[in-house]
Amino acid sequence: MIEMDGPLIRWASRARGARRWERPGAVVVEAPGLAHWDRLVIDGEPAAVADLLREVLAGTGETFRPFGTEELITEVVARLPELEVSARFAWMETTTPVKSPPTKTSTKSPTEPGNEEKPGWLEAGAAPEIVELIEAAYPESYARPGDPDVRRWAGIRDEDGRLVTVAAEAWSTPEIGFMSGVATRPSARGRGWGAAICAFTANELLTDRERVALVVDHWNTAAVATYTRLGFTTRRVAAAKRTTTTPQP
């Protein structure tokens, strides 16, 4: 069944600077800087999408990457020799609140001295700590403090007040909350804090929205397993790139 206004299309359509093209059986949304990349989010019937995407590609910059379900991207690339599949991901989402997992934590708050180990939104002055944690735990993170589409950060501090895990709200829309930048300090793993920050952030972003989502690499089986245990479902997605451009990292 063709889902012309599915979550991916609706997420991209509300992005900053988005433009949308439609033809019978096809839709393409240009979304610059959406989750780090300049994206052309696609949906519809493969042949119709390929025809429309060929027109859109002719008028966009070399940095724009087609993005959609893995099945659709694969079929479209087969019709457009100027494209190749560049990456495969899991779009993970939930429409219902997440139950907080058991952790080796207390019931303290992260924003007041002496009140650590409980998930909560971090103060603006925590940006340098967040950067330091990301560099130590997940330097490939798309979400970074200072990005205009990264709205706020949640975190947990250990008993000594050190920031040990974070997650960001980034690229959210009124309908779809989007979580990114999830990172746990290597020395703090195994205590359930990563799952705890994900549960907290997901439930906060789900308030007054239909769903909360994130994108994770397929190879990151530990992360996929954590989100699955929390109740997230998986939709396989992929990106493509022009075969004539320099491969992107």
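FYI, the numbering just counts along the sequence from 1. As a basis for the values below, the full set of heavy atoms in this structure was taken, side chains included, without hydrogen atoms, waters or symmetry mates.
- Annotation: the span from Met179 atom CE to Leu206 atom CG amounts to 11.0 Å, rounded to 0.5 Å.
- The ring-ring contact (aromatic ring centres under 6.0 Å, His included) search around Phe232 returns Tyr227, not counting sequence neighbours.
- By the side chain to side chain contact (heavy atoms under 4.5 Å, CB included) test, Thr184 pairs with Thr165, Ala188, Arg189, sequence neighbours left out.
- For Arg20, the side chain to side chain contact (heavy atoms under 4.5 Å, CB included) criterion is met by Asp5, Ile9, Ser13, Glu22, Val27, Val29, not counting sequence neighbours.
- You'll find the ring centres of Trp91 and Phe67 outside the 6.0 Å limit.
- In this structure, CG in Leu40 is found 7.0 Å from CH2 in Trp21, a value given to the nearest 0.5 Å.
- Annotation for Ala137 and Ala183: closest pair CB-CB, 4.1 Å, computed over non-hydrogen atoms.
- In this structure the side chain of Leu83 reaches within 4.5 angstrom of the side chain of Pro66, judged on heavy atoms.
- Not a single side-chain hydrogen bond (donor to acceptor under 3.5 Å, both in side chains) links Ser86 to another residue, sequence neighbours left out.
- Atom CG of residue Asn203 and atom SG of residue Cys198 lie 11.0 Å apart, to the nearest 0.5 angstrom.
- Scanning all heavy atoms of the two residues, the minimum distance from Val98 to Ala202 falls at CG2-CB, 4.1 Å.
- Rounding to the nearest 0.5 angstrom, the gap separating the CG atom in Leu163 from the CH2 atom in Trp153 is 10.0 Å.
- Residues Leu214 and Tyr138 fall into different hydrophobic clusters, defined by Ile, Leu, Val, Met, Phe, Trp and Tyr side chains chained together at heavy-atom separations under 4.5 Å.
- Ser187 places a side-chain heavy atom less than 4.5 Å from the side chain of Arg162.
- Between Thr233 and Glu93 the shortest side-chain heavy-atom distance falls below 4.5 Å.
- With sequence neighbours left out, Ala90 forms a side chain to side chain contact (heavy atoms under 4.5 Å, CB included) with Met92, Val216, His218, Thr234.
- Heavy-atom minimum distance, Ala240 versus Arg65: O-CB, 3.3 Å.
- Both Tyr142 and Val215 are part of a single hydrophobic cluster, where members link through side-chain heavy atoms under 4.5 Å apart.
- Distance CD/Glu135 to CD1/Ile130: 13.0 Å, rounded to 0.5 Å.
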Result block: side-chain N/O donor-acceptor pairs under 3.5 angstrom for residues 166-174, not counting sequence neighbours:
unit_1, atom_1, unit_2, atom_2, d
Glu169, OE1, Arg152, NE, 2.8
Glu169, OE1, Arg152, NH2, 3.4
Glu169, OE2, Ser172, OG, 3.1
Glu169, OE2, Arg209, NH2, 3.3
Trp171, NE1, Gly33, O, 3.2
Ser172, OG, Phe178, N, 2.9
Thr173, OG1, Glu175, N, 3.3
Thr173, OG1, Ile176, N, 3.0

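- Remark: side-chain polar atoms of Asp158 are paired, donor with acceptor, to backbone N or O of Asp160 under 3.5 angstrom.
- Both Val182 and Trp121 sit in one connected hydrophobic cluster of ILVMFWY residues. Membership requires side-chain heavy atoms under 4.5 Å apart, directly or through other members.
- Identified under the side chain to side chain donor-acceptor pair (under 3.5 Å) test for residues 47-60, with sequence neighbours left out: Arg23-Glu55, Asp51-Arg54, Thr60-Arg242.
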Tabulate below the donor-acceptor pairs under 3.5 Å that side-chain atoms of residues 72-79 make, not counting sequence neighbours, or state none.
unit_1, atom_1, unit_2, atom_2, d
Thr74, OG1, Glu70, O, 2.8
Arg79, NH1, Glu75, O, 3.1

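- With salt bridges taken as basic N to acidic carboxylate O contacts below 4.0 Å, none links Glu82 and Lys241.
- In terms of heavy atoms, Ala15 sits closest to Leu34 at CB-CD1, 4.0 Å.
- For the residue pair Ala143 and Ser180, the shortest heavy atom distance occurs at CB-OG, 3.7 Å.
- Summarising the geometry, atom CZ belonging to Arg144 is positioned 5.5 Å from atom CD1 belonging to Ile134; distances are rounded to the nearest 0.5 Å.
- Identified under the salt bridge (Lys or Arg N to Asp or Glu O under 4.0 Å) test for residues 26-39, with sequence neighbours left out: Arg19-Glu30.
- Side-chain contact between Val28 and Val41 is absent, with no heavy-atom pair separated by less than 4.5 Å.
- In this structure, the salt bridge (charged side-chain N to carboxylate O under 4.0 Å, His left out) partners of Glu132, at least two apart in sequence or on a different chain, are Arg185.
- Legend: residues meeting side chain to side chain contact (heavy atoms under 4.5 Å, CB included) with Ala48, ordered by chain and number and at least two apart, are Ala26, Glu45.
- Note: the hydrophobic cluster containing Ile42 also contains Val85 (ILVMFWY, side chain heavy atoms under 4.5 Å, direct or indirect links).
- Transitive grouping of hydrophobic side chains (ILVMFWY, heavy atoms separated by less than 4.5 Å) brings Leu57 and Phe64 into a common cluster.
- Residues passing the salt bridge (charged side-chain N to carboxylate O under 4.0 Å, His left out) test with Arg16, sequence neighbours excluded: Asp149.
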